[in-house]
Colleague: 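Please read through the structure below; I'll follow up with questions.
When a residue number appears, it is its place in the shown sequence, counting from 1. In this text the structure is predicted, and so the values were computed from the model without any measurement.
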Amino acid sequence: MQSGRRRRPWDRIAILALGVSVSLLAGSAQASVPDDLCPALDDPCVIVDDHEIDDGSVLDFDGREVVVFGKLDSATGSVTYRMGNLTIGATGQFLGRGNSNEPAGIINVLSDGDVRLNGTVAGGSFFMTGQDGGILDIDAEGSILGAGLINLAAVAGDGVGGSLVLIADENLNLSGTLAMPGGSDGGGGDLLVEADGAVTINAINVQGGDGGIIFIDADGGVTLGTVDADAVGEDGSADTIDVFSGGPILISGAWTARGSSDGFGGDGAIIDFDANQPGFDTFDVTIANSFNIQGRGTDGCGGSLGIDGLNVSIESPLTIKGVGGVSCGGELFVEAVEDLSILSSVDGQSGNSGGTTVDLFAERNLLIDGFINLTGSGSEPTAGSATFDAVEDVTIAANVFVNSANETGTGGAIDITGCSVELLNGAKLQAKKSDGTIAISGVNVVLAGDLVADETGGSITISYRDADNPPDLTGGSFVPLPDLVEDLSLCNAILGDCGPDGDGDGVADSCDNCVSIANPNPQVDSDADGVGDACDNCTDLANPILGTGGQPERQPFQTATGGQLDDDADGFGNQCDAKFVGGLVVGGSDLFELFSSFNKDRSGNDCGTTANQPCAPFDLDNLGQFISGGDLTRSRLLFNSPPGPTCPDCPLACEGPGC
């Protein structure tokens, strides 16, 4: 911000917080009284004539309804009105004007019922302009409704836009404009809205040298039309906009909350839309009109947009870029409890000072059907990064670019994870220039589009779960050729519905570490052998299912519990079972049985002290063809301990590749 620019009048905001008590201290002896405006017994009190209201007045109508057709002018003073319902008629108006050298006044409206702004007179139902815009607090126990304009503009070049507080115990539905612009050397105004019901606002203007602040908290849904929160002064930046909702959030009008293009420029706004509030159900968030929070000027950085909701849909162009040669990109963070759809373009280009970050997560499905451009430009740019995660399906039907537009620049990163990942024919993933990377992880991967990273320093990596279900690369093109990685732990990260779920525990069979025993997430695997404790026949020593982890393939003489070796079929895996005779713990007699089997082939039946027992149960380390020193070492480790521990229901039927 330019040195010496006037900041927002936080001292005046503090006055708002004190509410009525401030007005009562302002000199009530000079106050006007309701009887000056209408007869004492009239209900409703209909005010037809124009009146000048003394500074410090508290006009308490004792719960009567008030209808205003005249003009109530408190100039630069501070006035409080108390009443039942308030209706501002077509010609009615509350005035609190200053001039280019004097700030506007303060008006508090306290209503026991509804406040209806029906005024159509020039300047607005509330017209409180001045060197700084006015301070207006409307607190209604009912709803705040109407089409009237609220005008709290600053008229001086260094003026600060007004401060507007709207509190409704029911709904707020305003089809007029809430105008709180500041001067080019001042700041935009501030809007605070709280409602126990739904909020609908047609238009908001908090433009200024620095953009203004908007805060909306509604227990019902929120629908917002056009918003102008641009910064227009030298080096000015847009500010913060927060919307918290216990219902759906719909952005129906065009939004601009850009940094200034004057001077070195400024940053775009920081915006948060949250329809996933504690104590409420989760609701949809939809951006249905153009949304521009770019940085402007030489080094302005793009803004930040965070969204949290049930189903999230971005249906119109979103601009979060930095424009200048040394600018940085913005940020887009979205979490959807169900589905997330990007149906229009996301422009996140940037200059030398850092790329744009796009991080999208859906607990169900994610669709990219709009061009996402995170290209870096300038003399030494760094491209952006795109992370797309979905518990179920990721479908990409449009281009995603994290390129560097300059040979000296660095390519960005694209990281995609889902149970199913599909890149449709005609879609492109690009991370051109040095160090550009594309990484895709999924149980079912189908890539029919084009993937391009840098040929010398870039990489494409495709990770998949099952060797029997490799990625389908038919129709795709790759520069460079991809590295294919079989990753058995992939489902531990995804933990979603990747196919059938035989045991009904919410984890698909392809991801389940106990396919036939229900063990919902988190699926505990104490020895990290890929077999959950719920079905592991040796929970504290790693013994993967036969045919994996370097363990021998199943042979005719071997017996398995759940696919893990258990050659005496007692439910205790070989690696934690050195008990061969009666008793509770491994003792000398068990050790003697093992000594009697030393150096014998594990496929034989000539082991033990009687030399007529199967040899396989004495193979404790599952290594080599003969009972050997490794088996003796493991027996000594288990000495004086009971076999196990093991799963509660072992032995289990054999399952897995070794059965």
Colleague: What do the steps show when you test D415 against S385 for side chain to side chain contact (heavy atoms under 4.5 Å, CB included), and what is the final call?
Modeller: CA-CA 8 Å; D415 194 339; S385 63; over 6 Å; no

Colleague: P44 and side chain to side chain contact (heavy atoms under 4.5 Å, CB included): which partner among V67, N85, L86?
Modeller: V67

Colleague: Would you find a donor on one side and an acceptor on the other, under 3.5 Å apart, between the side chain of S111 and the backbone of G84?
Modeller: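 The answer is yes, because a donor-acceptor pair under 3.5 Å joins these two groups.
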
Colleague: Do D284 and N311 have side-chain N/O donor and acceptor atoms under 3.5 Å apart?
Modeller: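 Side chains of D284 and N311: pair found under 3.5 Å.
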
Colleague: Under 4.0 Å between a Lys/Arg side-chain N and an Asp/Glu carboxylate O for D114 and R116?
Modeller: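 A salt bridge links D114 with R116.
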
Colleague: Taking I249 as the fixed residue, which of V285, I216, D274 is the one that meets the side chain to side chain contact (heavy atoms under 4.5 Å, CB included) rule?
Modeller: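 Checked V285, I216, D274 against I249; only one passes side chain to side chain contact (heavy atoms under 4.5 Å, CB included): V285.
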
Colleague: Nearest 0.5 Å, please: how far is CG in D339 from CG in L366?
Modeller: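 One finds 9.0 Å between CG of L366 and CG of D339.
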
Colleague: Once you round to the nearest 0.5 Å, how far does CD1 of I342 lie from CG of L360?
Modeller: 5.0 Å

Colleague: Could you tell me whether the side chain of D185 and the main chain of G233 form a donor-acceptor pair under 3.5 Å?
Modeller: no

Colleague: Do the side chains of I150 and L136 get nearer than 4.5 Å, heavy atoms only?
Modeller: yes

Colleague: Is it true that a side-chain atom of D235 and a backbone atom of F264 form a donor plus acceptor pair closer than 3.5 Å?
Modeller: yes

Colleague: Answer yes or no: is there a donor N or O on one side and an acceptor on the other, between the side chain of D230 and the main chain of V232, under 3.5 Å?
Modeller: no

Colleague: Using every non-hydrogen atom in the two residues, find where A238 and A257 come nearest and quote the distance to one decimal.
Modeller: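 Between these two residues, the closest heavy atoms are CB-O, 3.4 Å.
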
Colleague: Take I53 and L37 through the test side chain to side chain contact (heavy atoms under 4.5 Å, CB included) and record every step on the way to the result.
Modeller: CA-CA 10 Å; I53 310 299; L37 305 180; 4.3 Å; yes

Colleague: Please give me the minimum heavy-atom distance between S245 and P248, naming the atom from each residue.
Modeller: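 Looks like OG-O, 3.8 Å.
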
Colleague: Passes side chain to side chain contact (heavy atoms under 4.5 Å, CB included), D228 versus T256? Steps please.
Modeller: CA-CA 5 Å; D228 182 353; T256 59; 3.6 Å; yes

Colleague: Between R258 and A269 (side chain of the first, backbone of the second, donor and acceptor by atom type, cut-off under 3.5 Å), is there such a pair?
Modeller: no

Colleague: Between R364 and E338, does any NZ, NE, NH1 or NH2 come within less than 4.0 Å of an OD or OE carboxylate oxygen?
Modeller: yes

Colleague: Are R82 and D60 within salt-bridge range, i.e. N to O under 4.0 Å?
Modeller: yes

Colleague: Quick check for you: to the nearest 0.5 Å, what is the distance between L305 atom CG and E331 atom CD?
Modeller: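 CD of E331 is found 10.5 Å from CG of L305.
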
Colleague: Hey, is the main chain of V160 close enough, under 3.5 Å, to the side chain of D132 for a donor-acceptor pair?
Modeller: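 Yes, D132 side chain to V160 backbone: donor-acceptor pair under 3.5 Å.
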
Colleague: Report the distance from atom CG of D36 to atom CG of L59, rounding to the nearest 0.5 Å.
Modeller: 8.0 Å

Colleague: Before giving the answer on side chain to side chain contact (heavy atoms under 4.5 Å, CB included), spell out for L145 and V115 the whole-Å C-alpha distance, their side-chain angles and the decisive distance to 0.1 Å.
Modeller: CA-CA 6 Å; L145 311 165; V115 174; over 6 Å; no

Colleague: Please tell me if the side chains of D242 and I214 come closer than 4.5 Å, counting only heavy atoms from C-beta onward.
Modeller: no

Colleague: Short question: side chain of S327, backbone of S353 - any donor-acceptor pair under 3.5 Å?
Modeller: no

Colleague: Kindly check if the number of other-residue, nucleotide or ligand heavy atoms within 6.0 Å of CG (L250) is above 12?
Modeller: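 Atom CG in L250 is crowded, with more than 12 foreign heavy atoms closer than 6.0 Å.
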
Colleague: So does M128 get a backbone contact from the side chain of R97, meaning a donor-acceptor N/O pair under 3.5 Å?
Modeller: no

Colleague: Are the side chains of I416 and I396 in touch, meaning some heavy atoms are under 4.5 Å apart?
Modeller: yes

Colleague: Using the ring centroid of each side chain, check whether F215 and F244 are separated by less than 6.0 Å.
Modeller: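 Distance test on ring centres: under 6.0 Å, yes.
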
Colleague: Find out whether C45 and R64 are in side-chain contact, i.e. whether some heavy atom of one side chain is under 4.5 Å from a heavy atom of the other.
Modeller: yes

Colleague: When you measure from the side chain of S316 to the backbone N and O of N289, does any donor-acceptor pair fall under 3.5 Å?
Modeller: yes

Colleague: Measure the shortest side-chain to side-chain distance between D73 and D50 over non-hydrogen atoms and say whether it is less than 4.5 angstrom.
Modeller: no

Colleague: When the ring planes of F291 and W255 are compared, do they come out parallel, tilted or perpendicular, using 30° and 60° as the limits?
Modeller: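 If you compare the ring of F291 with that of W255, the planes turn out parallel.
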
Colleague: For Y81 and F94, I'd like to know if the aromatic rings sit close, meaning centre-to-centre distance below 6.0 Å.
Modeller: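 So the answer is yes for these two rings.
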
Colleague: Can any side-chain N or O of D267 pair as donor or acceptor with the backbone N or O of S237 at less than 3.5 Å?
Modeller: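 Checking the backbone N and O of S237 against the side chain of D267, no donor-acceptor pair under 3.5 Å is found.
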
Colleague: Within the 3.5 Å criterion, strictly below it, is a donor on Q131 or N101 matched to an acceptor on the partner's side chain?
Modeller: no

Colleague: Taking the side chain as every heavy atom from C-beta outward, state whether D43 and E65 have any pair of such atoms under 4.5 Å apart.
Modeller: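 With C-beta onward as the side chain, the pair touches.
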
Colleague: Which distance, rounded to the nearest 0.5 Å, do you find between the OG1 of T282 and the CG of N276?
Modeller: 3.5 Å

Colleague: Checking T80 against N108: is there a side-chain donor and acceptor pair closer than 3.5 Å?
Modeller: yes

Colleague: Just how far is it from atom CG of L343 to atom CG of D369, taken to the nearest 0.5 Å?
Modeller: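 The CG atom of D369 is 6.0 Å from CG of L343, to the nearest 0.5 Å.
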
